[in-house]
Trainee: 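Below is a structure I'd like to ask you about.
Heavy-atom basis, side chains included; hydrogens, waters and symmetry copies ignored.
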Amino acid sequence: QVQLVESGGGLVQPGGSLRLSCAASGRIFSINDMGWYRQGPGKEREVIATLTTGGTTTYTESVKGRFTISKDNVKNTVYLQMNSLKPEDTAVYYCNADIMIEYPRPAMRNYWGQGTQVTVSS
């Protein structure tokens, strides 16, 4: 069974940094287009960063220059490096990816991680 498992969230002071990880487990060929989303208290889920198979990245305006999305194809893991964190970055963060699965037959499927809480507070 293919899963995306997130880690790296926690409590951090304003100005601090965290790195979120999202590891794909199961029988897969590759992670293709992927993105990081977040849902703050009382807010809708929003996309904050995307990375295409070709390496093109996009960021929502509020995180530009502070967050970096990347991928390790060997480890089948995607990352979100978050610097200069602000209280308004407090949210549950989710990864989403199009994955070429191997079993039961080769196919592209879309998966969500379970979410990881990031709290920015002094």
Side-chain angles (χ1 to χ4, degrees):
Q1 182 178 357
V2 175
Q3 297 183 78
L4 290 176
V5 180
E6 301 178 30
S7 60
L11 174 64
V12 62
Q13 292 186 343
S17 298
L18 283 175
R19 188 177 78 158
L20 305 183
S21 300
C22 176
S25 63
R27 295 175 63 175
I28 72 170
F29 287 117
S30 62
I31 298 176
N32 293 274
D33 295 354
M34 62 82 53
W36 283 95
Y37 294 68
R38 68 184 180 188
Q39 187 166 14
K43 298 181 180 180
E44 294 187 354
R45 190 176 299 188
E46 62 170 341
V47 57
I48 57 171
T50 63
L51 173 62
T52 69
T53 305
T56 300
T57 58
T58 64
Y59 299 92
T60 194
E61 195 64 35
S62 61
V63 308
K64 280 183 181 177
R66 300 188 298 124
F67 290 11
T68 303
I69 187 172
S70 63
K71 183 172 67 171
D72 185 325
N73 290 319
V74 174
K75 296 182 178 180
N76 286 326
T77 300
V78 293
Y79 303 98
L80 185 68
Q81 178 67 44
M82 306 186 293
N83 299 326
S84 303
L85 282 161
K86 305 174 181 180
E88 51 264 43
D89 294 318
T90 295
V92 179
Y93 284 71
Y94 300 89
C95 62
N96 176 270
D98 291 329
I99 298 177
M100 180 62 78
I101 66 170
E102 179 181 335
Y103 180 84
R105 67 184 66 83
M108 190 75 77
R109 294 283 184 266
N110 185 263
Y111 293 87
W112 285 92
Q114 81 283 3
T116 185
Q117 177 70 47
V118 172
T119 303
V120 185
S121 175
S122 55

Trainee: Enumerate the disulfide bond (SG atoms under 2.5 Å apart) contacts for residues 28-94, please, sequence neighbours excluded, ordered by first and then second residue.
Mentor: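 Of all non-adjacent pairs touching residues 28-94, none passes disulfide bond (SG atoms under 2.5 Å apart).
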
Trainee: CG of L85 to CD of Q13: how many Å apart, nearest 0.5 Å?
Mentor: 11.5 Å

Trainee: Would you list the pairs meeting salt bridge (charged side-chain N to carboxylate O under 4.0 Å, His left out) in which at least one residue belongs to residues 74-88, sequence neighbours left out?
Mentor: none

Trainee: According to a hydrophobic-cluster definition based on side-chain heavy atoms being under 4.5 Å apart (Ile, Leu, Val, Met, Phe, Trp, Tyr only), do L80 and V92 belong together?
Mentor: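 In one cluster with L80: V92, no.
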
Trainee: Write out all pairs satisfying side-chain hydrogen bond (donor to acceptor under 3.5 Å, both in side chains) with one or both partners inside residues 19-28, taking only residues at least two apart or from two chains.
Mentor: R27-E102

Trainee: Can you pull out every disulfide bond (SG atoms under 2.5 Å apart) where at least one residue sits in residues 38-87? Sequence neighbours excluded, please.
Mentor: none

Trainee: Please tabulate, one pair per line, all N/O donor-acceptor pairs under 3.5 Å involving side-chain atoms of residues 2-12, not counting sequence neighbours.
Mentor:
{"residue": "E6", "atom": "OE1", "partner": "T116", "partner atom": "N", "Å": "3.4"}
{"residue": "E6", "atom": "OE2", "partner": "C95", "partner atom": "N", "Å": "2.9"}
{"residue": "E6", "atom": "OE2", "partner": "G115", "partner atom": "N", "Å": "3.3"}

Trainee: Among all residues two or more places apart in sequence or in another chain, which pass the side chain to side chain donor-acceptor pair (under 3.5 Å) test with S70?
Mentor: none

Trainee: Give the table of side-chain donor-acceptor pairs shorter than 3.5 Å for residues 31-38, with sequence neighbours excluded, one pair per line with atom names and distance.
Mentor:
{"residue": "N32", "atom": "ND2", "partner": "S30", "partner atom": "OG", "Å": "3.3"}
{"residue": "D33", "atom": "OD1", "partner": "T53", "partner atom": "N", "Å": "2.8"}
{"residue": "D33", "atom": "OD1", "partner": "T53", "partner atom": "OG1", "Å": "3.1"}
{"residue": "W36", "atom": "NE1", "partner": "Y79", "partner atom": "O", "Å": "3.2"}
{"residue": "R38", "atom": "NE", "partner": "E46", "partner atom": "OE2", "Å": "2.9"}
{"residue": "R38", "atom": "NH1", "partner": "D89", "partner atom": "OD1", "Å": "2.9"}
{"residue": "R38", "atom": "NH1", "partner": "Y93", "partner atom": "OH", "Å": "3.0"}
{"residue": "R38", "atom": "NH2", "partner": "S62", "partner atom": "OG", "Å": "3.4"}

Trainee: Going hydrophobic residue to hydrophobic residue with side-chain gaps under 4.5 angstrom, can you get from I69 over to V118?
Mentor: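 Linked, I69 and V118 end up in one cluster.
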
Trainee: Through direct or indirect side-chain contacts below 4.5 angstrom among Ile, Leu, Val, Met, Phe, Trp and Tyr, which residues connect to Y103?
Mentor: none

Trainee: Taking all atoms of both residues into account, what is the closest heavy-atom pair of P14 and S121, and its distance?
Mentor: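 Looking at all heavy atoms of both residues, the shortest contact is CD-C, 3.6 Å.
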
Trainee: In chain order, what residues pass the side chain to side chain donor-acceptor pair (under 3.5 Å) check against S17, with sequence neighbours excluded?
Mentor: N83

Trainee: With sequence neighbours left out, which residue pairs that include part of residues 23-57 fulfil the disulfide bond (SG atoms under 2.5 Å apart) condition?
Mentor: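 Qualifying pairs: none.
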
Trainee: What closest approach, in Å, do V120 and T90 show between heavy atoms, and which atom pair accounts for it?
Mentor: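 It is N-OG1, 2.9 Å.
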
Trainee: Mind checking what makes side chain to side chain donor-acceptor pair (under 3.5 Å) contact with K64, not counting sequence neighbours?
Mentor: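 K64 satisfies side chain to side chain donor-acceptor pair (under 3.5 Å) with E61 only.
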
Trainee: Heavy-atom distance under 4.5 Å between the side chains of F29 and N76, does that happen here?
Mentor: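 No, every pair of side-chain atoms sits at 4.5 Å or beyond.
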
Trainee: If you measure from CZ on F67 to CG on L18, what distance do you get to the nearest 0.5 Å?
Mentor: 9.0 Å

Trainee: Indicate every side-chain donor-acceptor pair of residues 104-112 with a distance under 3.5 Å to a residue at least two apart or in another chain.
Mentor:
{"residue": "N110", "atom": "OD1", "partner": "N96", "partner atom": "ND2", "Å": "2.9"}
{"residue": "N110", "atom": "ND2", "partner": "N96", "partner atom": "OD1", "Å": "3.1"}
{"residue": "N110", "atom": "ND2", "partner": "D98", "partner atom": "OD1", "Å": "2.8"}

